[in-house]
Number of protein chains: 2
Amino acid sequence: MGALPDLTIRQFEYLVAVADADTWALAADRVGVSGSALSQGIAELERRLGVDLFDRDGRRRRLRTDAIPVLAHARQVLALTGDLADWAERMRTGSAGRLRLGMIDAAAIVHFGDQLRRFRAARTDVELRLRVEPSGPLLELLIAGDLDVVVCVAPPEPIPGLRTTPLLIDDVAVYAPGKTRPSSPATWGPWVLFPEGSHTRGAITRELRRLGAPIEVVAESHQPDVLREMVRLGTGWTALPRAQAEHGTGNLVEVQTLLRRELVAAVRDGTVRQPVVDDLIAAFTDAAKSTSRPSALR
Amino acid sequence: MGALPDLTIRQFEYLVAVADADTWALAADRVGVSGSALSQGIAELERRLGVDLFDRDGRRRRLRTDAIPVLAHARQVLALTGDLADWAERMRTGSAGRLRLGMIDAAAIVHFGDQLRRFRAARTDVELRLRVEPSGPLLELLIAGDLDVVVCVAPPEPIPGLRTTPLLIDDVAVYAPGKTRPSSPATWGPWVLFPEGSHTRGAITRELRRLGAPIEVVAESHQPDVLREMVRLGTGWTALPRAQAEHGTGNLVEVQTLLRRELVAAVRDGTVRQPVVDDLIAAFTDAAKSTSRPSALR
DNA sequence: TCGTTGGTGAAGCATCTCTGAACTATTCTC
DNA sequence: GAGAATAGTTCAGAGATGCTTCACCAACGA
C-alpha cells in the first residue's frame, strides 16, 4: 500500500462547511477563515487526493455526485475526532462528561421516561442533554457528531458508521372511535394522521393502501395525544404506535396491527467511547426487557 | 462543542508506528523520518489533545494503558483514510481496483473455493489477493487496513469499526475412528487436536472439559486434513468443523456436535466502500444459502 | 453597459515541521 | 563503578505550509 496522503482535520472541516453552506464565502465565515484560505484549502485537499471534487456551475462550484463518498468520509472522521476530543476533555478534567442524547417522542415520554429520570438522578456527574426529534434528523445529528446516542426507529438498512442495539418492538396499530365494530379495511376511516411528509405517515399510508383501505384524511397533527383525543371525540380513525395510543386513558378500539416498528439505540461505531453511554443503553435494554413482554404478548 | 484539534494523518502514523515498533528510532525509520521529527510529532499530538499519552519507563516511553483508545482511533482513521486513498486511486485510473481478501482455511477451501474461482474468472478486472490465516490475525489485519474483506469465525463481541454479515454455520463436532461405538464423554479420547494456543483449540478443550471428557492429547497439527487422516488411521479422536471433517472420503464416526461456529464476512464500517466488495459478499451469501441447508439439517 | 457577487491567484508574513547536531538520562559491560 | 552504548529530547535553522490582504476575473442582474 502506498503512502497515505497527509490530510488534516481542518481540510475536512472546510469540505463539510462548503457542502453545507449555500456559498463558499458563507462557509469560510462559518469556519472562521477568509474565502481565499478556504479556496486554497479545498484545492490542496483535491491535490492531495489527486481527484477533482467539484464541478463548475457558472461562477459557483458544486460537489460532484461521485465525490459524495469523500464528504461522507469527512463527516465520519470529524465525528470520530469529536469523540476523541471529548475523551481528551474527560481525561483532563476527570469529569464523567456530557451526554448528548436524542430520542423520538414516544421513547422519551412513554417507553423510557422513567429510566431517563432515574438516570438523571443517579448520575448527577453527567451533564445530560436531551433532544427530541423524528428518527431521520436524529440519525443525521448522530452522524454529524452532534449527538452521542440516539433512540429511534430502526432504519431499514444498516447505516455506515453507526451501530444499533435493539431495544423493543412498538408496533403501529389502527385505532377507531369507541363504538366502532370490527369490519373490513374498505370501510375504515376517515383518518386523523401524522402530517404529510413524516416518515411514519408515509409508512402508514403505504400500508393502508396495501390493505385496500380508503385514505380520506380529515385532520393532521404531529402530536400523538392530539390524534388520540380526536379519535376519542369521534373525529376519525388513526394509526399510532401502540404504546402511544394506550398511554392515556380512554375508549380507543384497537382494530388491528398495521406495521412493525422496532426501536433501537444507535451510536457511532468508533473506537473512542464514553462508558456512560453503555450504562445508559444498558438501562434502556433492561427496562425494555421487563416492560415489552406484555406488549409483545398481546 | 468546542473547535476540534487540527490533527493530521501523519501524526496518527507516528502514533501507531511508535506503538508497533520496539523502539522509537525503529518507528521513525519505518515512517521514513528522523527520530527527532517523530519525537516532536508525538509531542505535538499530545499538546493538541492536551493529554499525556506516554509514561516514562527509564529512558524509554510506553503508551499509557488509558491512552489505548487514542491508538485505536488512530488505527481506525488510518484504515479509513486508506480506503479513501484507494477510492481516489480508482477514480483516477478508472480501474475496478484491488481486493485484499482474508479467509480462514475452511472458508477458502471447503466452503467458498468454488465461488472464489468463479469470481476470479468473472472479474478479471479486479486484482484479487487472498490471504489465509486464523480468524484473530485476519481481523487485526482488517482493522489495520491491510485487508478489505475477511471471512472468519464470528467474534464473540462486535468489534468497533467492523461490520459483519452472517454467511453460514459450520459447527465443530467430535469424530472418532471408524469402529468406535457411541459412549459417554468420560470414555472419549485420546485426542488429535489443533495445537495449543489456537483459538479453536481453546474453545474445544474448554467444551470437552465441560462435558467431562478426559483430555489426553497424542498428536497436534494446524492442518485439518492431517487430523482427519490420523483419526482414520485410528491414532485418536478429534474435534473438527463438520465441513472440514467430511471434506475428503473415509470412515469417520461423528459422535456429537461440540460447539457452534458461525462464519461471517467482515468489513471495515466506513463510508468509502468498494462496490466489488459487496459483489463478493453477495456471491458468498448466495453460495452459503444453497449449500448450508444440508449441513444445517443433519 | 455597469455594478455586484462568487470564487481564484499573488505577495507577504507567521507558523509548522523537518533535519542534523548537540544534549541528557538510563542501561549495559567489564 | 567507570566508561561506552543506547533511547529519547532539545535546539537552531532551512524549507514547506497556511493564512490574510489585495488584486483580479468571470458570471449574473438591472
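Here is the naming used below: chain letters follow the sequence lines, and residue numbers restart at 1 for every chain.
The CG atom of B:Asp29 sits 13 Å away from the P atom of C:dG20 (whole-angstrom rounding). D:dT6 atom C1' lies 16 Å from atom CZ of B:Arg61, rounded to whole Å. Distance, A:Trp24 CH2 to D:dC25 P: 20 Å, rounded to whole Å. Between the P atom of D:dT17 and the CZ atom of B:Arg10 lies a distance of 10 Å, rounded to the nearest Å. We find that CZ of A:Arg60 is positioned 11 Å from C1' of D:dA27, with the value rounded to whole Å. When rounded to the nearest whole Å, the span between CG of B:Asp57 and P of D:dT9 equals 13 Å. Nucleotide C:dC16 holds its P atom 15 Å from the CG atom of B:Leu45, rounded to whole Å. Taking atom CG of A:Asp55 as the reference point, atom C1' of C:dG6 lies 17 Å away to the nearest angstrom.
Ion pairing between B:Arg273 and B:Asp83 fails under the 4.0 Å rule for side-chain N and carboxylate O.
For A:Ser36 against C:dG7, no side-chain N or O and base N or O form a donor-acceptor pair under 3.5 Å. In this model, no side-chain donor or acceptor of A:Thr23 finds a partner on the base of C:dT5 within 3.5 Å. The base of D:dA27 sits with one of its N or O atoms less than 3.5 Å from a complementary donor or acceptor on the side chain of A:Arg59.
If you check C:dT8, D:dG18, D:dT9 against the side chain of B:Ser39, the one that comes closest is D:dT9. In the set C:dT17, D:dC19, C:dC18, the nucleotide with an atom closest to the side chain of B:Glu44 is C:dT17.
B:Arg61 CZ: more than 12 foreign heavy atoms inside a 6.0 Å radius.
Backbone-only engagement by A:Tyr14 is indicated by non-hydrogen atom pairs under 4.0 Å involving sugar-phosphate atoms exclusively. Residue contacts for B:Arg47: at a heavy-atom cut-off of 4.0 Å it reaches no nucleic acid atom on any strand shown. Residue-level contact check: A:Ala25 touches the backbone only, with heavy atoms under 4.0 Å from sugar-phosphate atoms and none from bases. At a threshold of 4.0 angstrom between heavy atoms, the contacts of A:Gln40 include nucleobase atoms, whether or not backbone atoms are also involved.
The minimum heavy-atom distance linking B:Val149 with B:Leu142 is given by the pair N-CD1, 4.1 Å. Minimum heavy-atom separation, A:Met103 to A:Ala108: SD-CA, 3.7 Å.
At least one side-chain nitrogen or oxygen of A:Arg56 sits closer than 4.0 Å to the OP1 or OP2 atom of C:dT8.
Two residues, A:Leu38 and B:Asp22, neighbour DNA chain D, and the one matched to the more 5' nucleotide by heavy-atom proximity is B:Asp22.
We find the CZ-CG distance between A:Arg100 and A:Asp146 to be 6.5 Å, quoted to the nearest 0.5 Å.
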